[in-house]
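Okay, structure first, notes after.
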Amino acid sequence: MPSTIATCSLAPAAVGVKDRAPDGPRGRSRNRALVDPAVATFSLAPALPGILCDLGVPIGTGDASITLQYSVHACPRRMRRELGLVFPDVVGREDQLLVIPTFQQTQTSMISYQAETQAEKDAKLHQFYRWGGELVARLRKRGHWADVTDPMSGMALFTSSGPSIYPDVEGAEILLRYAPFNLGSCFVLSHPQWGTHVYPATAFTLAPASTVAQVLDEMLHM
């Protein structure tokens with residue numbers, strides 16, 4: 001069962017968010033994207049990518065497509081040290097790292113603990129596994145390091161894991177200025193259009209932005 005790490009973060013300074021963005025237009029300006037945010041529908045292959053089969057985790061294959069918002073960003077300086085602790089394989093190359101935040105709109109609010117919400121989290125998780133696995137496999141085939149973090153744990157999914165985790169909530173705040181709100185003991189992601197009806201997950205690569213854009217375009221036309 002997915003944990004609330006997908007939408008709720010307990011550590012506001014985990015990836016460099018020591019000072020939250022101030023209110024107002026200046027505070028809401030996002031980190032400039034190399035590929036601007038776009039919502040697209042990608043077909044999902046009926047057979048799992050081999051990279052997912054190696055995980056030995058049961059993943060549903062019932063959905064034929066995934067609709068998500070994605071963008072591509074150069075890794076900001078204040079995120080580099082912590083991402084080196086998430087992905088030991090990129091240490092020394094953090095300045096070349098690209099971050100690809102994704103968001104799936106959901107029917108239910110992700111801060112709910114009802115059974116239907118947990119079932120939807122499972123479905124969105126499996127869809128992201130399949131989409132992320134395809135993206136990583138295609139980038140690796142071109143000779144580039146790539147990985148995703150597991151939305152359940154924040155840890156590297158396909159490569160060596162370091163001592164830190166990647167919190168999607170703080171990543172969305174730094175890269176896109178999606179302001180979280182405080183819900184008791186944690187910060188909750190709020191998408192500007194979808195509110196808390198959103199499932200975030202993130203991919204990472206050392207490939208050039210032009211290669212990432214090309215691979216994403218190929219995946220759109222599978």
Side-chain angles (χ1 to χ4, degrees), residues 1-17 20-21 28 30-31 33 35-42 44 63 66-73 75-76 79 82-83 86-87 97-113 117-136 146-158 164-183 186-205 212 216:
M1 180 181 295
S3 72
T4 55
I5 195 168
T7 53
C8 176
S9 173
L10 298 172
V15 190
V17 191
R20 295 198 169 272
R28 293 291 180 258
R30 58 183 169 81
N31 186 67
V35 175
D36 287 329
V39 177
T41 298
F42 296 82
L44 295 173
D63 295 307
I66 179 174
T67 299
L68 50 73
Q69 175 189 305
Y70 68 91
S71 52
V72 181
H73 304 257
C75 182
M79 292 176 66
E82 286 297 331
L83 283 175
V86 177
F87 302 108
L97 195 63
L98 300 185
V99 186
I100 309 167
T102 74
F103 307 89
Q104 296 180 69
Q105 185 176 14
T106 60
Q107 296 296 314
T108 61
S109 171
M110 291 290 101
I111 62 175
S112 169
Y113 289 93
T117 299
Q118 296 302 325
E120 188 170 20
K121 285 182 180 180
D122 285 341
K124 297 302 183 186
L125 174 67
H126 289 189
Q127 287 180 327
F128 176 73
Y129 277 166
R130 294 168 65 193
W131 182 86
E134 184 70 30
L135 175 65
V136 168
D147 201 354
V148 303
T149 44
D150 189 337
M152 292 194 299
S153 66
M155 298 176 67
L157 190 62
F158 300 120
S164 291
I165 63 172
Y166 180 78
D168 294 300
V169 175
E170 277 81 2
E173 182 181 8
I174 293 172
L175 298 171
L176 293 158
R177 289 303 187 211
Y178 287 176
F181 63 91
N182 195 330
L183 184 67
C186 67
F187 287 92
V188 175
L189 176 64
S190 180
H191 187 278
Q193 280 79 48
W194 306 331
T196 59
H197 290 243
V198 62
Y199 191 88
T202 312
F204 306 83
T205 185
V212 175
L216 289 169

- Item | Min side-chain heavy-atom separation Val99-Val72 under 4.5 Å | no
- Query: Run the side-chain contact (heavy atoms from CB on, under 4.5 Å) check on Asp150 and Leu125 step by step: do they pass?
  - Reply: CA-CA 9 Å; Asp150 189 337; Leu125 174 67; 4.0 Å; yes
- Query: Do the non-hydrogen side-chain atoms of Phe204 and Leu98 ever get within less than 4.5 Å of each other?
  - Reply: no
- Query: What pairs with Gln104 under side chain to side chain donor-acceptor pair (under 3.5 Å), at least two apart in sequence or on another chain?
  - Reply: none
- Note on the structure: Residues at least two apart in sequence or cross-chain that pass side chain to side chain donor-acceptor pair (under 3.5 Å) with Gln69, listed by chain then number, are Tyr178, His191
- Would you say the side chain of Val136 lies within less than 4.5 Å of the side chain of Thr205, judging by non-hydrogen atoms? no
- Message: Checking Thr41 against Ile66 for the side-chain contact (heavy atoms from CB on, under 4.5 Å) test, could you report, in this order, the C-alpha distance in whole Å, the side-chain angles of both residues, the deciding distance, and whether it holds?
- Response: CA-CA 6 Å; Thr41 298; Ile66 179 174; over 6 Å; no
- Query: Does any non-hydrogen side-chain atom of Thr202 lie less than 4.5 Å from one of Val148?
  - Reply: no
- Query: Taking side chain as C-beta onward, heavy atoms only, is Ser71 less than 4.5 Å from Val35?
  - Reply: no
- Message: Are the side chains of Phe103 and Asp168 in contact, using a 4.5 Å heavy-atom criterion?
- Response: no
- Side chains of Leu175 and Pro76 in contact at under 4.5 Å (non-hydrogen atoms): yes
- Set of side-chain contact (heavy atoms from CB on, under 4.5 Å) partners for Ala156, sequence neighbours left out: Phe87, Asp147, Thr159, Ser161
- Message: The criterion is side-chain contact (heavy atoms from CB on, under 4.5 Å); which residues satisfy it with Thr106, sequence neighbours excluded?
- Response: Met110, Glu120, Lys124, His197, Tyr199
- side-chain contact (heavy atoms from CB on, under 4.5 Å) filter on Ala119, not counting sequence neighbours, yields none
- Item | Arg130 side chain vs Asp63 backbone, donor-acceptor pair below 3.5 Å | yes
- Task: Before giving the answer on side-chain contact (heavy atoms from CB on, under 4.5 Å), spell out for Val86 and Thr149 the whole-Å C-alpha distance, their side-chain angles and the decisive distance to 0.1 Å.
- Result: CA-CA 9 Å; Val86 177; Thr149 44; 4.1 Å; yes
- Task: Check step by step if side-chain contact (heavy atoms from CB on, under 4.5 Å) holds for Leu83 and Cys75.
- Result: CA-CA 9 Å; Leu83 283 175; Cys75 182; 3.5 Å; yes
- What residues form a side chain to side chain donor-acceptor pair (under 3.5 Å) with Thr102, not counting sequence neighbours? none
- Task: Identify the heavy atoms of Ser153 and Ile165 that sit nearest to each other, and give their distance.
- Result: O-CG2, 3.4 Å
- Task: For Tyr166 and Gly171, work out which heavy atoms get closest and say how close.
- Result: OH-CA, 3.1 Å
- Non-neighbouring partners of Thr117 that pass side chain to side chain donor-acceptor pair (under 3.5 Å), sequence neighbours left out: Thr108, Ser112
- Message: Could you check whether any side-chain heavy atom of Leu189 comes within less than 4.5 Å of a side-chain heavy atom of Pro200, counting everything from C-beta outward?
- Response: yes
